[in-house]
Amino acid sequence: MGSLHAPGSDPGSPESAPSGGSTPSTRVVVLCCDGLYQRWLVQRASQMFDLVGVVLQHPPASARQGRLARLKRYRDPSALLRQIQARRALPPFERLGRALQDRLFRPQGKEPSIPPSVPLLHTDAINGPETVAFLERLAPDLVLVNGTQLLREPVLALKPLLRHGILNLHTGLSPYSRGANCNLYMILEGHPELVGVTVHHIDPGIDSGDIIRSAQVPLQPGDNFETIDVRSFHVGIELLLAGARELVEGRAARVPQWEKGKLFLQRTGYRYEPWQRLEANRRLEGGLLAEYLADREARDAAVRLVGANGGQG
């Protein structure tokens, strides 16, 4: 079900003012989950476009039941031991990630926020009739997406009504990796050169639409998975906004994905567990990061990118 928040009475707030390089005549709606990175995306979008609405998706009941199922898995002693080890060993890595979060997403210690003048819909069903009605009423030119469930009909049926369509930010490097936790699994499989982000048109598939922009996440000495994950969202959000501006201005690339790559989902054998982050951190510390940085130019040369730095594909 959805709930609608009416606009506030402060349309002239600083958060609503477009910044340099903006396209204020383009009507944009953002569909996202409710998290730090997504609120930063909304705030940044409000500075660049005419942000006419936001849909925040909250976890549906099925996801909450999924958490109960995960707890049941810990009845297996080996799974419980891995979970305990992760809880004890991850905090030092997580502290470095939080410090980078504060620097990138909380400038001057201020939390990113949704401008109070922007209509806001809360829902646990991103493909439900409330979302469709919200979009139809607001009539945006462009929809930006990050962190929601997979978009399905009838939301996708609205694409012909949207001048510039629907763009998704995928925190993985398509087509090499699609699905969930892609950058984590690419590290676990020994491919830091394939840690990246992708801006693509949405189609009925999973992170499979035509690509506007893609980029590797720049890895640095001393990185761990937590800092890489934080940086991936910062790079990705800016890439999404740059790609959206290029699309609106008629100069965006549109490159069909040239291979199927890997699909990281539970049904393909990739079920996320916290201990996997610990293992990724250990592998990075154990030499994976240093080996990649020492041979970065050669390893990166084999990676095909799309957009301003990667050409047209």
Checklist entry - Hey, are the side chains of Pro274 and Arg87 touching, using non-hydrogen atoms and a 4.5 Å cut-off? => result no
Item to check | Where Val230 and Tyr37 come nearest, the two heavy atoms and their spacing | outcome: CG2-OH, 3.3 Å
Checklist entry - If every non-hydrogen atom of Leu167 is compared with every non-hydrogen atom of Leu142, which pair is closest and at what distance? => result CG-CD1, 4.1 Å
Checklist entry - How would you list all residue pairs meeting salt bridge (Lys or Arg N to Asp or Glu O under 4.0 Å) that involve residues 275-289, not counting sequence neighbours? => result Glu94-Arg277, Glu226-Arg277, Glu279-Arg283
Next on the checklist: In this structure, would Ile187 and Trp275 fall into the same cluster of hydrophobic residues linked by side-chain contacts under 4.5 Å?
Outcome noted: no
Item to check | Atom of Cys33, atom of Leu56 and distance for their closest heavy-atom approach | outcome: O-CD2, 3.6 Å
Item to check | Crowding at CZ, Arg106 (>12 non-hydrogen neighbours, <6.0 Å) | outcome: yes
Checklist entry - For residues Arg44 and Gln47, is any side-chain donor paired with an opposing acceptor at under 3.5 Å? => result yes
Checklist entry - Do Leu278 and Leu188 belong together in a cluster built from hydrophobic side chains that touch within less than 4.5 Å? => result no
Item to check | Shortest non-hydrogen contact between Gln43 and Glu111, atoms and distance | outcome: OE1-O, 4.4 Å
Checklist entry - Does Ile228 share a hydrophobic cluster with Val303, counting links as ILVMFWY side-chain heavy atoms below 4.5 Å and allowing steps through other members? => result yes
Next on the checklist: To check you understand the geometry: which heavy-atom pair defines the closest contact between Arg27 and Ala139, and what is its length?
Outcome noted: NE-O, 3.4 Å
Checklist outcome for this item: What one should report as the nearest heavy-atom pair of Gly172 and Asn183 is CA-OD1, 3.8 Å
Checklist entry - Using the ring of each side chain (for Trp, its six-membered ring), is His58 parallel, tilted or perpendicular to His122, with breaks at 30° and 60°? => result parallel
Checklist outcome for this item: Of Val29, Asp141, Val28, the one forming a side chain to side chain contact (heavy atoms under 4.5 Å, CB included) with Phe49 is Val28
Next on the checklist: Once you measure the plane-to-plane angle for Trp40 and Phe105, does it fall in the parallel (<30°), tilted (30-60°) or perpendicular (>60°) bin?
Outcome noted: perpendicular
Next on the checklist: Taking atom CD as the centre, does Glu297 end up with more than 12 heavy-atom neighbours from other residues, nucleotides or ligands that are less than 6.0 angstrom away?
Outcome noted: no
Checklist entry - Does Trp258 belong to the same Ile/Leu/Val/Met/Phe/Trp/Tyr cluster as Val199, with side-chain heavy atoms less than 4.5 Å apart forming each link? => result yes
Checklist entry - Short question: side chain of Gln276, backbone of Arg271 - any donor-acceptor pair under 3.5 Å? => result yes
Checklist entry - When you measure from the side chain of Thr268 to the backbone N and O of Leu263, does any donor-acceptor pair fall under 3.5 Å? => result yes
Checklist entry - Applying the 4.5 Å side-chain criterion to the ILVMFWY set and letting contacts propagate, would Leu239 and Met186 be lumped into a single cluster? => result yes
